[in-house]
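Structure first, commentary second.
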2 protein chains.
Amino acid sequence: MGLPDDAAEARAQGWRTLAALHARIEDELERALQKQHGLSVSEYSVLDVLARQDDYHLRMNQLSNAVVLSQSATTRLVNRLEDRGLLQRYLCPTDRRGIYTEVTEAGRDLLDQAQPTHDAVLTAALEKAADLPELAPLVDALGKLSLKV
Amino acid sequence: MGLPDDAAEARAQGWRTLAALHARIEDELERALQKQHGLSVSEYSVLDVLARQDDYHLRMNQLSNAVVLSQSATTRLVNRLEDRGLLQRYLCPTDRRGIYTEVTEAGRDLLDQAQPTHDAVLTAALEKAADLPELAPLVDALGKLSLKV
DNA sequence: GCGCTATGATTGCGCATGCAATCATGAAGA
DNA sequence: TCTTCATGATTGCATGCGCAATCATAGCGC
């Protein structure tokens, strides 16, 4: 191990790489999902997260945490999706403060349509990033993550 | 290699991990830098990127690319920092369409103050993330990135 | 030199976000 | 039961962002 400052600089470097890769991918996803399905990345995430739940529902709180947004942003995000009929709210029967959100049939349909776009854009973005020397190592590391399972 | 769908799911999984880690770190950096130095993460990035240049300056275009923001966002970001005296604009002498931005003395001072905060929060955030099983592998991979140098 | 297109940066506008305050419900204690 | 505090969600407000249109300068062909 080098000097403490070296370690800090290494972490900062890693963070810059992570942030750059993230921003580029998100940018492309945002554009593609928006144009082809009228969904923002956040909106897609919500549908995706909910659909991935065994019983398709989650409380607002858990949802905020899952998509890493503030409570207020989550409220409005859910409003937008509810207005479009992609999900439904309903009161938690045991604690009426809590509110569950649940993807609707229409929501799952839209998600099914958007998923291929999402995957294709993601794959393309990763390939493009792999060509940039400063991002390639992270792309590589990312690819190896799930092999451990 | 598994079925194509497996590969796509693996990439999606990697992306979710990356996005989650990024969001958590950025969240904490944002709060800490804002509270202690009145800087957003974007603003910090601009100062950091500029200070890292050999001659401390960059064109608007390059800056947009470096911080992965739109041109308009970059214009306004630079406006804010210029208003606070943290950087200066000046016309490119050879091409008067181009505009250089350069950190000022005050900008470097503020950056010097903010850097320790940045590093400390980053370190803490990474440690916290390493405790979450779903993020730990990526944190680990990130740590190994710069060792290859 | 004069138009035409390309490039770099800025501005108008609508929208999503975070913070802080607020409202609604639940839980605990006198 | 009534009060008080904690928890979950929503709303008012200010702000930063992206897109598209615009302005300024450069470069090319005539």
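Computed over heavy atoms, backbone and side chain alike; hydrogens, waters and symmetry mates excluded. Order of the sequence lines fixes the chain letters, A, B, ..., with proteins taken first and strands second; residue numbering starts at 1 for each chain.
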Ion pair Glu105(A)/Arg108(A), N-O distance below 4.0 Å: yes
By the ring-ring contact (aromatic ring centres under 6.0 Å, His included) test, which pairs, at least two apart or in different chains, include something from residues 24-47 of chain A? Tyr44(A)-His118(A)
Would you say Ser42(A) reaches dT17(C)'s phosphate, i.e. side-chain N/O to OP1/OP2 under 4.0 Å? yes
Lys35(B) atom NZ is separated from dA20(C) atom C1', nearest whole Å, by 13 Å
Where each residue is assigned the nucleotide of DNA chain C containing its nearest heavy atom, which of Ala73(B) and Ser72(A) is assigned the position nearer the 5′ end? Ala73(B)
Expressed in angstrom and rounded to an integer, what is the separation of Leu33(B) atom CG from dG18(C) atom P? 16 Å
How long is the line joining CD of Gln34(A) and P of dC15(C), in whole Å? 12 Å
Hits for ring pair (Phe, Tyr, Trp, His ring centres under 6.0 Å) against Tyr100(A), two or more places apart or cross-chain, chain-then-number order -> His57(A), Tyr90(A)
Could you check which residues of residues 81-103 of chain B get a heavy atom under 4.0 Å from DNA chain C? Sort them by number, please. Arg89(B), Arg97(B), Gly98(B), Ile99(B)
Ignoring hydrogens and angles, state whether a donor on the side chain of Ser40(B) or Ser42(B) is under 3.5 Å from an acceptor on the partner side chain. no
Is there a side-chain contact between Val103(A) and Leu86(A), using heavy atoms and a 4.5 Å cut-off? no
Using atom CD of Gln71(B) as one end and atom C1' of dA6(C) as the other, report the distance to the nearest whole Å. 13 Å
Quick one: are Arg16(A) and Arg52(B) in side-chain contact, heavy atoms under 4.5 Å? yes
Value in whole Å for how far the P atom of dT7(C) lies from CD of Gln62(B): 16 Å
Here the residues of residues 21-32 of chain B within 4.0 Å heavy-atom distance, strictly under, of DNA chain C are Arg31(B)
With heavy atoms under 4.0 Å as the rule, sort Leu69(B) into base, sugar-phosphate or nothing. sugar-phosphate
Thr104(B) side-chain N/O to Gly85(B) backbone N/O, donor-acceptor pair under 3.5 Å: yes
Leu110(B) side chain near Gln113(B) side chain, heavy-atom distance below 4.5 Å: yes
The side-chain contact (heavy atoms from CB on, under 4.5 Å) partners of Ala19(B) (sequence neighbours excluded) come to His22(A), Trp15(B)
Work out which heavy atom in Thr117(B) is nearest to a heavy atom in Gln36(B); give both atom names and the distance. OG1-OE1, 3.5 Å
Can you confirm whether Leu63(A) sits close enough to Leu50(A) that some side-chain heavy atom of one is under 4.5 Å from a side-chain heavy atom of the other? yes
Span of DNA chain D, from the first to the last nucleotide whose atoms fall under 4.0 Å of chain A heavy atoms: dA6(D) to dC19(D)
Residue closer to the 5' end of DNA chain D, Asn61(A) versus Arg76(B) (nearest nucleotide): Asn61(A)
